[in-house]
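Quick note: residue numbers are just sequence positions, from 1. Remember, it's 1-based here, ligands and their atoms both numbered in the order they're listed.
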Amino acid sequence: MTDSPVYLDHNATSPIRPEAAAAVTAALRVTGNPSSVHGFGRAARRLIEEAREQVAALVGARPDQVVFTSGGTEANNLALRGCGRRNILVSAGEHPSVLHACEYARTAALESNGVVRLDMLRELLLAGDGPALVSVMHANNETGVIQPVEEVVALARSCDALVHCDAVQAAGKLPLSFAELDVDLMSLSAHKIGGPQGVGALIVGDRAELDPVSRGGGQERRRRAGTENVAAIAGFGAAARVVRDGPSGMGELAELRDALEAGLASLEPAVEVFGAGAMRLPNTSCIALPDSRAETLVMALDLDGIAVGAGAACSSGKVEPSHVLTAMGVLSEQAAAAIRISLGWTSTRGDVERLLDALERTLRRRGAARMSAA
Ligand code: PLP
């Protein structure tokens with residue numbers, strides 16, 4: 001009997017939760033355009049409004065602040081392009097959907113532990129032309145490093161700037177309150193919390209005046225035109241409810257992550273854990289083994305039935321070193337070795353043990369190959 005596959009790539013997509021899958025399936029059977037006034041339309045509208053309440057409740061926002069989008073990427077684009085400000089400051093570790101949302105954005109560098117340089121953010125704010133929007137993510141998708149959002153907000157407020165926070169990776173992994181964080185815009189994505197892919201939300205606070213980027217329809221209070229993806233939104237709502245009402249499981253995940261990193265260090269004392277000097281999400285380890293290539297390791301683990309992420313981005317067939325690690329000052333050779341192990345609601349101690357066993361075999365094979373080549 002072969003072992004079942006081990007999935008350790010939750011930061012890419014977390015497996016759909018049964019409650020979310022059931023909500024999607026049920027909603028697909030509901031006929032009706034949520035903008036129609038007849039009974040069919042009203043039934044579809046009810047599904048959306050229920051999900052809006054569930055998503056709002058997950059992140060401590062009001063339902064009327066939730067704008068459903070096609071995912072985190074669109075939410076980020078809408079925030080940066082729709083906020084009506086041209087003085088945009090972002091951190092160098094942001095997701096590409098923030099970094100590339102507008103070509104006029106200016107970038108604050110990262111410390112070597114992955115945290116945004118607040119001194120540089122301050123300089124950029126003071127040197128800027130016109131009212132600014134600062135976009136700093138809550139937690140990084142590659143390293144799990146948590147950003148000092150409260151300090152960013154305090155800094156931004158002292159300069160009359162708005163704050164956008166990409167909380168796609170923080171939602172469900174950290175206590176998250178839009179009201180308490182006091183940011184103006186916040187992005188979420190369903191598939192990172194066990195909902196379906198292709199749906200997300202931008203939370204819009206009272207200070208922000210959002211201009212729609214997609215136009216030609218009055219949906220989402222005129223903030224995002226286009227018929228809503230009712231089934232996906234229903235699934236998002238169900239996932240949000242489960243995450244909010246269920247046990248957080250994050251203490252257990254932090255224990256598993258620590259066991260994983262301790263196991264790695266005993267297999268290979270020279271293992272590098274990126275961002276280890278900063279506060280990190282409890283589920284994420286971005287690591288590099290010496291003299292290794294991420295693609296080779298990811299493929300070797302895949303052959304062993306274990307899915308992990310590569311720390312490098314593969315665009316147009318060319319593997320580029322991660323911009324996040326590069327911004328942390330990691331040398332390109334080490335960045336090219338980075339793999340990301342991200343745990344989640346399906347992860348078990350057995351998964352971590354399988355990964356460590358597979359890595360041990362890989363390291364042993366590599367050692368043997370080197371001996372015979374010498
Ligand atoms: N922001 C962060 C931090 C992410 O990790 C991701 C996805 O990996 C996104 C935004 C984009 O979200 P989506 O896949 O829903 O477009």
Side-chain heavy-atom pair I233, E49 within 4.5 angstrom cut-off:
no

Identify the protein heavy atom lying closest to atom 5 (O) of ligand 1, giving its residue, its atom name and the separation to 0.1 Å.
Q169 NE2, 2.8 Å

Do D166 and N76 get their side chains close enough for a donor-acceptor pair, meaning under 3.5 Å?
yes

Using a 3.5 Å cut-off on N or O atoms only, is K192 in polar contact with ligand 1?
yes

Closer than 3.5 angstrom, by distance alone: can the side chain of E53 be matched with the main-chain N or O of P63 as a donor-acceptor pair?
no

How close does the nearest protein non-hydrogen atom get to atom 4 (C) of ligand 1, and which residue and atom is it?
H95 CD2, 3.4 Å

Hey, looking at atom 3 (C) of ligand 1, which of D166, T69, N140, V98 has the closest heavy atom?
D166

Are any of the N/O atoms on S189, whether in the backbone or the side chain, positioned under 3.5 angstrom from an N/O atom of ligand 1?
yes

Atoms of ligand 1 close to G71 [distance to a heavy atom under 4.0 angstrom, numbered from 1]
15 (O)

Pair E295 + R293, salt bridge at N-O below 4.0 Å:
yes

For atom 11 (C) of ligand 1, which of L188, T73, T13 has the closest heavy atom?
T73

Cationic N near anionic O, under 4.0 Å, D160 to R207:
no

R222 atom CZ, neighbour heavy-atom count above 12 within 6.0 Å
no

Got a salt bridge between D291 and R366, using NZ or NE/NH1/NH2 to carboxylate O under 4.0 Å?
no

About how many Å separate CD of Q197 and CD1 of I16, when rounded to the nearest 0.5 Å?
8.5 Å

With atom 12 (O) of ligand 1 as the reference point, say which of G72, A12, A139 has the nearest heavy atom.
G72

Against heavy atoms of M137, which atoms of ligand 1 measure under 4.0 Å?
3 (C)

Within the 4.0 Å heavy-atom shell around N76, which atoms of ligand 1 are there?
1 (N), 10 (C)

Identity and distance of the protein heavy atom lying nearest atom 14 (O) of ligand 1:
H191 NE2, 2.9 Å

